[in-house]
Amino acid sequence: MLLQSQTHSLRPLTTAHLAQTMTLLELTSAELCQKIEAELSSNPALELADQIRCRHCHRRLAQTGLCPVCSRPPNVAAEQPIVFLSPREDFRTFSDRLTGEDLPDDNLMVAEEDLPAYVLRQIATELAAEDRPLAAHILTSLDEDGLLTVTLFEIAHFYHVPLSRVENVLHMIQRCEPVGVGSETPQQALLVQLEVLAETRPVPPLALRAVREAMDLLSRRAYPELGRLLGVTTAQAAYIARFISNNLNPFPGRAHWGESHDSPDSNPTYHNPDVIISCLSQSPETQLVVEIVAPYAGALRINPLFREALAQAPAEKADQWQAHLEQAGLLIKCIQQRNHTIVRLMQRLVVLQREFILFGDAHLSPVTRASLADELEVHESTVSRAVSSKAVQLPNGRIVPLSKLFDRSLHIRTALIQIISQETQPLSDTHIADLLDKRGFPVARRTVAKYRAMEGILPARFRQPRPVFTAK
DNA sequence: CTATGGCACGGATT
DNA sequence: AATCCGTGCCATAG
């Protein structure tokens with residue numbers, strides 16, 4: 001049976017095709033990258049063409065010419081996002097991005113590249129080129145808890161730069177996911193986390209003092225003493241402590257991701273984003289740029305020499321070679337299809353969740369996978385597969401699971417958080433339910449309790465009777 | 001007596 | 001078909 005490698009049908013041709021497309025769709029870009037590499041080394045029919053780059057910005061491309069950002073037509077509606085495949089292989093290019101300068105340290109390469117690469121990617125755009133060695137040095141000096149093992153002074157001394165510059169770089173790093181990474185002590189990590197957390201949700205004012213002044217009491221769970229020190233009751237002290245342990249992590253290296261703060265999910269793969277969303281400008285009408293990380297896209301092809309050689313293949317090898325050829329063609333086609341699906345999906349999704357992407361949690365609209373599948377005219381399970389286990393990087397640098405864009409209750413939970421943060425006296429669940437109802441979120445009282453629990457907020461009677469004012 | 005958490009059920013989602 | 005989520009009912013703590 002001949003392989004119709006020229007055919008560009010978007011519809012699966014064979015059951016094998018179908019099955020493989022399904023499997024590929026579930027893979028993370030990093031996993032796909034590994035799979036392709038495995039295939040490349042075992043299958044001689046497959047080869048890697050030269051990388052194509054944009055003539056202007058040198059971004060890696062899937063097709064020749066200008067990248068979609070550089071070539072974008074001048075007047076496009078803001079709602080229309082720019083979506084394109086970005087064939088970068090992330091962890092590979094980690095060293096690429098640092099080069100230009102000499103690498104300060106050999107152990108930078110393989111050993112613990114997951115966490116450093118993950119963090120570096122988040123700050124890559126803001127980081128001045130001359131600060132890269134500093135960032136690299138810091139990131140490669142982390143222990144498994146994500147804490148710094150060297151002093152800033154040593155680094156400054158090593159590069160002969162002012163301490164303040166190192167501090168600046170560290171500050172950028174600390175504010176990346178996992179928040180607090182690179183801190184020198186657990187205490188410092190907690191402080192950074194509090195700072196970041198306070199931007200998106202209310203934080204008990206005393207938590208800051210508790211961390212700053214009473215770390216030892218916190219770790220010993222000495223709540224009565226803690227209460228006395230802070231001038232509040234034991235119950236309130238316990239609440240603070242619980243808030244801290246629920247929402248903060250003194251060892252940022254053992255990261256959880258996103259906002260979730262449940263049990264230590266030791267998901268071993270740090271998440272390279274599969275999709276990167278950024279803004280073209282600061283204005284609220286900005287067009288969004290969506291990069292779909294698709295390793296080797298456009299660079300993978302069937303080795304023409306192999307195809308020629310096949311004609312004169314020794315008889316005993318002919319079958320095997322033919323199989324190689326078919327396998328390679330199939331893989332390429334499946335990858336194309338995977339990318340195509342993801343592009344279409346993101347294209348639509350970004351439009352639907354534009355508000356959320358730009359303005360944060362409160363603006364998430366509850367989109368279901370089913371409804372999206374319907375619009376795209378694909379099967380629900382296709383969307384499900386494409387969404388599961390992938391991560392997306394938002395313009396603000398946060399990396400969250402793609403499934404968060406399908407969260408049905410996040411916007412209600414943020415409304416709830418907001419209500420509680422503004423309460424002058426603790427409101428009962430029933431009362432909160434009423435308030436939510438007035439805002440257009442009809443939820444049962446019982447559900448309020450569930451949301452509270454999810455957010456690590458204690459029941460009304462354990463909350464502070466009235467806001468305690470502290471020196472900020 | 002009121003406010004909450006636990007358990008379990010049914011419908012929606014995956 | 002399996003799972004998740006919102007909700008109602010009931011026991012319990014304050």
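When reading the values below, keep in mind they use all heavy atoms of this one structure, side chains included, and skip hydrogens, waters and symmetry mates. Within every chain, numbering begins at 1; the chains are lettered A, B, ... in the order of the sequence lines, protein sequences first and strands thereafter.
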Notebook entry, point to check: Contact class for A/R452 vs. all strands (heavy atom < 4.0 Å): base, sugar-phosphate, or nothing?
Noted result: sugar-phosphate
Margin query: Does A/D274 form a side chain to side chain donor-acceptor pair (under 3.5 Å) with A/S29? I'd like the steps, not just the answer.
Written below: CA-CA 5 Å; A/D274 300 278; A/S29 58; 3.0 Å; yes
Notebook entry, point to check: Of the nucleotides C/dG6, C/dT7, B/dT13, which one has an atom closest to the side chain of A/T368?
Noted result: B/dT13
Item checked: Nearest listed nucleotide, side chain of A/V443, among C/dG6, B/dT4, C/dT7 -> C/dT7
Margin query: Keeping A/S371 on the side-chain end and A/V367 on the backbone end, is there a donor-acceptor pair under 3.5 Å?
Written below: no
Margin query: In this structure, how many angstroms lie between the P atom of B/dG5 and the CD1 atom of A/I457, rounded?
Written below: 12 Å
Check: B/dT4, B/dG5, B/dT14: which one has an atom nearest the side-chain heavy atoms of A/R446?
Finding: B/dG5
Margin query: Check whether A/Q353 reaches the backbone of A/S365 with its side chain - one donor and one acceptor, N or O, closer than 3.5 Å.
Written below: yes
Note to self: Expressed as a whole number of angstroms, how long is the span from A/R461:CZ to B/dC1:C1'?
What the structure shows: 13 Å
Check: For the side chain of A/E291 and the backbone of A/S86, is there at least one donor-acceptor N/O pair under 3.5 Å apart?
Finding: no
Next item on the list: Remember a base hit wins even if backbone is also touched, and classify A/S388 as base, sugar-phosphate or nothing at under 4.0 Å, heavy atoms.
Entry: nothing
Check: Hey, does the side chain of A/R369 come within less than 4.0 Å of B/dT14's phosphate (OP1/OP2), counting only N and O?
Finding: yes
Next item on the list: Could you state the atom-to-atom distance from CG of A/L427 to P of B/dA3 in whole Å?
Entry: 11 Å
Notebook entry, point to check: In whole angstrom, what separates A/M454's CE from B/dT4's P?
Noted result: 17 Å
Next item on the list: Please determine if a side-chain N or O atom of A/Y451 lies less than 4.0 Å away from the OP1 or OP2 oxygen of C/dC5.
Entry: no
Checklist line | Check: A/F356 ring centroid to A/H411 ring centroid under 6.0 Å | finding: no
Check: To the nearest Å, how far apart are A/R445 CZ and C/dG8 P?
Finding: 10 Å
Item checked: Heavy-atom donor-acceptor pair, A/R408 side-chain to C/dG6 base, under 3.5 Å -> no
Note to self: So A/S384, base contact, sugar-phosphate only, or nothing? Heavy-atom distance under 4.0 Å.
What the structure shows: sugar-phosphate
Next item on the list: Tell me whether the OP1 or OP2 atom of C/dT7 has a side-chain N or O from A/T447 closer than 4.0 Å.
Entry: yes
Next item on the list: Nearest whole angstrom, please: distance from the C1' of C/dA13 to the CG of A/L458.
Entry: 15 Å
Checklist line | 5'-most by nearest nucleotide on DNA chain B - A/A370 or A/A449 | finding: A/A449
Notebook entry, point to check: Taking atom C1' of C/dG6 as reference, at what distance in whole Å does atom CG of A/L436 sit?
Noted result: 14 Å
Notebook entry, point to check: To the nearest Å, how far apart are A/H431 NE2 and B/dT2 C1'?
Noted result: 15 Å
